[in-house]
2 protein chains.
Amino acid sequence: MSIASDMIRGHTDTIILAHLMSGDSYGYKINRSISEKTGGQYELKEATLYTAFRRLEQLGFISSYWGDENTGARRRYYSITPAGVQEYHRMLGEWEQSQRLIQTLITS
Amino acid sequence: MSIASDMIRGHTDTIILAHLMSGDSYGYKINRSISEKTGGQYELKEATLYTAFRRLEQLGFISSYWGDENTGARRRYYSITPAGVQEYHRMLGEWEQSQRLIQTLITS
DNA sequence: AAAATATACCTTGACAGGCGAAGTATATGG
DNA sequence: CCATATACTTCGCCTGTCAAGGTATATTTT
C-alpha cells in the first residue's frame, strides 16, 4: 500500500458500499477487487475491512448471510440495504463537497 | 461546520502548511482564514489546531516565535521551514493521487 | 464600574477508526 | 504432508479529533 491511511479514512465505508452497489459480495473478494482497481496501490487491511462490515451492518446499511459453498472456505456474503443505498448517495455528495473544500484549503 | 471531520482528517497538516506558504501567521488567524475561505462550511477545532502545531513543530516542518504585540493578547507566530515546504509539496502530490484513487473506488 | 464579548492560547481525557499480530478452517498443488 | 491460497475473526495498540475546561488581555455594552 502506497497511500496514507488517513487519506482514505472516512472513505472505507463508502468504498465498501460502492462495491455492493454492483451486487452482493464477500470480504475477501471485495478486497481483491479494490487491489485490482487501484493497480495494487491500495488495499484495505483485513482488520479494517471486517470491522467496517460489523459497523455497517450495525447501522443497517448492509446485511449478511452465509454462502452455501460446498467446497472451499465458507464465505459471508453482504448485501446493501435500501438505507445503505441512500447512505451511499449521501456519502458521494459529501465527497464532492469535501473535495472542493480541501482543494480550496490546500492550494496556497 | 457542515462537513464530516473524517473527510478532512489527514489534511489538517497540509491545510496549515498551505496557509504558512503565504507567510507567517498565528493560530487564531489561520482558523479564521479557513472559516472565511470555506464560507463557514469548515473550521478546525482549537484543540485539533494546536495539537497539529505541536506535531508539525516536532517534525521540523514549522517553527514558532512569540509576537511582540504591545496590545491585546499575545500571539505565537509560526513559520514554515524548508523541510515543511518540501513536505507541503509531497502532501499535495499525495492528495492528487489519493483523489484519483478514491474517485475510482467510490463510483460504482 | 461591571459584565459581556472578542481575541488568543493551552491542556486533559475520552472516543473512533485503522491496523499489526495472531488464530481458525478448508482446499489444492507440489 | 507441507506450503500456499482462500476466507473469516478477535485483541490490543496507536493516532488524530474534539468536548470541556482553563488562563489572560482588550474592547464594547449595559
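In the text below, chain A, chain B and the rest are named by the order of the sequence lines, each starting its count at 1. As the structure is a prediction and not an experimental result, all values here were calculated from the model.
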Round to the nearest Å and state the distance from A/L49 atom CG to C/dG20 atom P.
-> 14 Å

Between C/dA14 (C1') and B/K45 (NZ): distance, integer Å = 16 Å

Residue list, side-chain hydrogen bond (donor to acceptor under 3.5 Å, both in side chains) with B/H19, at least two apart or on another chain = B/S33

Rounded off to whole Å, could you give me the CZ-to-C1' distance for the A/R9 and D/dG16 pair?
-> 7 Å

Taking the hydrophobic residues Ile, Leu, Val, Met, Phe, Trp and Tyr, and joining any pair whose side-chain heavy atoms are under 4.5 Å apart, which ones share a cluster with B/Y65?
-> B/Y26, B/Y28, B/Y77

Could you tell me whether the side chain of B/I16 reaches within less than 4.5 Å of the side chain of B/Y78, counting heavy atoms only?
-> no

Using a 4.0 Å cut-off on protein heavy atoms (strictly under), produce a 5'-to-3' string for nucleotides 2-11 of chain C with B for base contact, S for backbone-only sugar-phosphate contact, and - for none.
-> -----BBBBB

Residues at least two apart in sequence or cross-chain that pass side-chain hydrogen bond (donor to acceptor under 3.5 Å, both in side chains) with A/R100, listed by chain then number, are none

Go through the structure and list residues passing side-chain contact (heavy atoms from CB on, under 4.5 Å) with A/A83, not counting sequence neighbours.
-> A/F61, A/T81

What is the distance from CD1 of B/I34 to C1' of D/dT17, rounded to the nearest Å?
-> 14 Å

Would you indicate, yes or no, if D/dC18 has its OP1 or OP2 atom less than 4.0 angstrom from a side-chain nitrogen or oxygen of B/T48?
-> yes

How would you list all residue pairs meeting salt bridge (charged side-chain N to carboxylate O under 4.0 Å, His left out) that involve residues 9-28 of chain B, not counting sequence neighbours?
-> A/D6-B/R9, B/D13-B/R55

Within the sub-3.5 Å range, which N or O atoms of nucleotides 27-29 of chain D have a protein N or O partner, and how far apart are they?
none

Calculate the interatomic distance between A/D6 atom CG and C/dA16 atom P; express it in whole Å.
-> 17 Å

Rounded to whole Å, the CD1-C1' distance (A/I15 to C/dG18) equals 13 Å

Atom-pair distance (CD1 on A/I30; C1' on D/dA7), nearest Å = 13 Å

The side-chain hydrogen bond (donor to acceptor under 3.5 Å, both in side chains) partners of B/T107 (sequence neighbours excluded) come to none

Side-chain heavy atoms of B/Y42 within contact of B/L44, under 4.5 Å = yes

Residue set satisfying side-chain hydrogen bond (donor to acceptor under 3.5 Å, both in side chains) with A/Q86, at least two apart, ordered chain then number -> none

Apart from B/W66 itself, residues in the same hydrophobic cluster as defined by side-chain heavy atoms under 4.5 Å = none

Atom-to-atom span, CD of A/E43 to C1' of C/dG18 - whole angstrom = 14 Å

Find the bend of the helix from C/dA1-D/dT30 to C/dG30-D/dC1 as the angle between its two terminal axes (five pairs each), to the nearest 10°.
-> 10°

Could you list all the salt bridge (charged side-chain N to carboxylate O under 4.0 Å, His left out) pairs where at least one residue sits in residues 75-86 of chain B, not counting sequence neighbours?
-> B/E69-B/R75

